[in-house]
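Fair warning: this is a prediction, and the values are worked out from it, not measured in the lab. Just follow the structure's listing: the first ligand is 1, and inside any ligand the first atom is 1. When reading the values below, keep in mind they use all heavy atoms of this one structure, side chains included, and skip hydrogens, waters and symmetry mates.
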Amino acid sequence: MSRKMNFFAGPSVLPVEVLQEMRDQIVDYHGGGLSIIEASHRGGTFEDMYRECLDLLRSLMGIPENYHIFFLGGGATLQFAMIPFNFLRKGTVADYIKSGTWANKATSDAKKIGDVHLYYDGTAQNFTSLPDPESVHPSANSSYLYLCTNETIGGIEWQTFPDTKDVPLIADMSSDLLSRPVPVERFGMIYGGVQKNLGPAGATLIILRKDMLERQNPNLPAYLDYSLHAKEDGLYNTPPVFSIWGVKLVLEWIKKNGGAEGMAKRATVKSSIIYDTIDQSEGFYRSSVDKRFRSKMNICFRLASEELEERFLAETKKAGMLGLKGHRSVGGLRASVYNALPVEDVQALADLMKEFQRTNG
Ligand SMILES: *Cc1c(COP(=O)(O)O)cnc(C)c1O
């Protein structure tokens with residue numbers, strides 16, 4: 001077996017043990033005579049696995065009992081609309097922190113639904129920095145304050161979070177879910193597509209404080225109504241079963257590898273290997289992100305010219321490394337080093353970067 005080194009931003013690398021377990025169980029799930037993706041979502045086979053998955057999430061993320069946990073379809077993208085539909089009340093505003101591409105998409109959907117106050121707009125600095133979390137206070141008539149904990153395309157990540165007191169804090173955590181311990185009790189809602197850090201694409205994880213449902217707008221269509229999903233424990237309609245199964249297996253892998261603390265250590269080690277290489281390159285590699293907010297998941301960097309970047313990419317491909325091209329909207333290079341990516345792969349990339357600099361510097 002020869003697997004490539006996978007630096008894709010999403011869908012992205014999964015632990016090889018998880019893929020092997022899926023292969024082994026896909027036809028005959030634990031001797032039950034059928035696959036879990038052929039079983040009813042109202043039956044024991046699926047529901048037992050589902051409960052285990054939710055229990056694992058609760059313990060690994062330290063999610064208090066007063067939070068619902070469920071999975072929806074439609075990607076993180078559907079949440080850009082669902083959040084304002086549910087929580088942006090008439091006569092109030094929602095505070096948005098425009099930190100990059102993903103928060104921007106959420107902002108533009110919210111504007112179609114209600115009044116948005118752009119609390120912070122990083123456009124002028126080209127989304128290379130964030131506000132100081134201590135300085136963030138929501139507007140007086142705010143329904144919620146929205147932020148994206150890790151901007152996957154810009155490579156910028158909140159290290160600590162604002163304390164918004166009585167105003168619910170809502171966060172898109174798609175690309176740093178379970179990469180570190182997070183004070184869940186600070187948030188009214190946390191959500192994220194699972195395909196970056198937690199499993200195969202298809203499910204969006206929703207973590208919702210129960211009292212949020214008392215603040216909802218009335219008369220929402222069924223699928224768009226969080227309270228219906230909460231009431232039915234995420235089984236109002238068919239959940240994304242394959243994806244949830246993958247998440248459950250990834251969670252077991254995370255647990256075996258030290259939980260959220262273990263993932264945080266891995267992320268620090270891996271991202272430091274690359275950032276140190278950039279910082280010690282005397283400008284050969286450049287990162288424009290404010291050092292205080294450097295992402296430990298998506299490391300964006302540039303070379304002196306696009307031509308040099310093309311040559312660099314060609315070298316990485318030759319070495320069996322995939323996914324290092326930056327997002328098409330920003331160009332440059334990006335190494336995504338999610339939970340499951342082995343440290344050795346990151347070290348191999350750093351070695352290649354040094355060698356490339358030696359021969360092209
Ligand atoms: C990938 C990503 C999204 C979009 O997720 P989909 O599941 O494709 O809708 C949203 N937010 C962030 C931070 C992301 O990384």
Side-chain angles (χ1 to χ4, degrees), residues 6-14 61 70-85 94 96-110 112 120 122 127-128 130 144-159 161 169-180 182 187 189-207 223-224 229 234 239-244 246-247 250 263 267 271 289 293-300 323-330 332 334-341:
N6 184 346
F7 295 89
F8 279 123
S12 41
V13 61
L14 289 164
M61 286 186 72
F70 49 87
F71 295 95
L72 297 179
T77 300
L78 177 59
Q79 299 310 307
F80 299 162
M82 270 181 80
I83 290 163
F85 270 136
Y96 275 73
I97 295 187
K98 191 167 149 185
S99 50
T101 308
W102 291 114
N104 193 22
K105 288 191 174 182
T107 306
S108 79
D109 267 5
K112 293 173 186 161
Y120 170 88
F127 303 117
T128 52
L130 291 170
Y144 59 84
L145 187 135
Y146 180 100
L147 57 81
C148 174
T149 54
N150 182 62
E151 284 283 0
T152 321
I153 292 173
I156 188 161
E157 187 175 30
W158 293 79
Q159 306 301 322
F161 307 103
L169 179 61
I170 298 183
D172 176 357
M173 246 179 234
S174 294
S175 50
D176 59 352
L177 276 168
L178 261 176
S179 66
R180 53 179 169 171
V182 159
F187 296 84
M189 173 175 167
I190 292 171
Y191 75 96
V194 301
Q195 70 272 23
K196 311 280 164 58
N197 237 347
L198 284 194
T204 306
L205 171 64
I206 312 285
I207 301 167
Y223 196 84
L224 302 185
H229 295 292
V241 293
F242 181 87
S243 180
I244 293 172
V247 170
V250 169
M263 293 303 110
S271 58
V289 172
F293 302 113
R294 281 176 161 182
S295 171
K296 292 193 168 84
M297 292 285 108
N298 310 96
I299 303 159
C300 298
L324 286 155
K325 200 175 170 64
H327 190 270
R328 60 189 185 282
S329 62
V330 294
R334 171 176 56 174
S336 297
V337 298
Y338 297 123
N339 288 345
L341 187 72

message: As an exercise, state the distance from CD1 of Ile83 to CD1 of Ile170, rounded to the nearest 0.5 Å.
response: 5.0 Å
task: Please report the shortest heavy-atom distance between Ser179 and Met297, naming the atom on each side.
output: CB-CE, 3.5 Å
- prompt: For atom 1 (C) of ligand 1, what's the nearest protein heavy atom and its distance?
  reply: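 For this ligand atom, the closest protein heavy atom is Lys196 NZ, 1.6 Å.
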field: For atom 9 (O) of ligand 1, closest protein heavy-atom neighbour
entry: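 The closest heavy atom on the protein side is Thr77 OG1, 2.5 Å.
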- prompt: If you measure every N/O of Ala76 against every N/O of ligand 1, is any gap under 3.5 Å?
  reply: yes
query: When Leu147 is tested against each of Trp158, Tyr96, Tyr120 for side-chain contact (heavy atoms from CB on, under 4.5 Å), which residue passes?
result: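 The side-chain contact (heavy atoms from CB on, under 4.5 Å) with Leu147 is passed solely by Trp158 among Trp158, Tyr96, Tyr120.
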message: Tell me whether ligand 1 is touched by Gln195 - counting only heavy atoms on the residue side and a distance under 4.0 Å.
response: yes
Please work out, at 4.0 Å between heavy atoms, whether the side chain, the backbone, both, or neither of [X] comes within that distance of ligand 1.
X      : answer
Asn150 : backbone
Thr152 : side chain
Cys148 : side chain

query: Any idea how Tyr146 and Tyr191 line up, ring-wise: parallel (<30°), tilted (30 to 60°), or perpendicular (>60°)?
result: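 The rings of Tyr146 and Tyr191 sit tilted, inter-plane angle from 30° to 60°.
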message: List ligand 1 atoms under 4.0 Å from Gly75, heavy atoms only on the residue side.
response: 7 (O), 9 (O)
Short side-chain to backbone donor-acceptor contact, Ser12 and Lys196, under 3.5 Å: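 Side chain of Ser12 to backbone of Lys196: a pair is present.
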message: Test your reading of the model: is there a side-chain donor-acceptor pair from Gln159 to the backbone of Arg294, 3.5 Å cut-off?
response: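 Yes, because the side chain of Gln159 sits within donor-acceptor range (under 3.5 Å) of the backbone of Arg294.
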field: Ile153, Thr149, Asp172: member with heavy atom nearest to atom 11 (N) of ligand 1
entry: Asp172
- prompt: Strictly by modelled atom types, are Asn298 and Tyr338 linked by a side-chain donor-acceptor pair under 3.5 Å?
  reply: yes
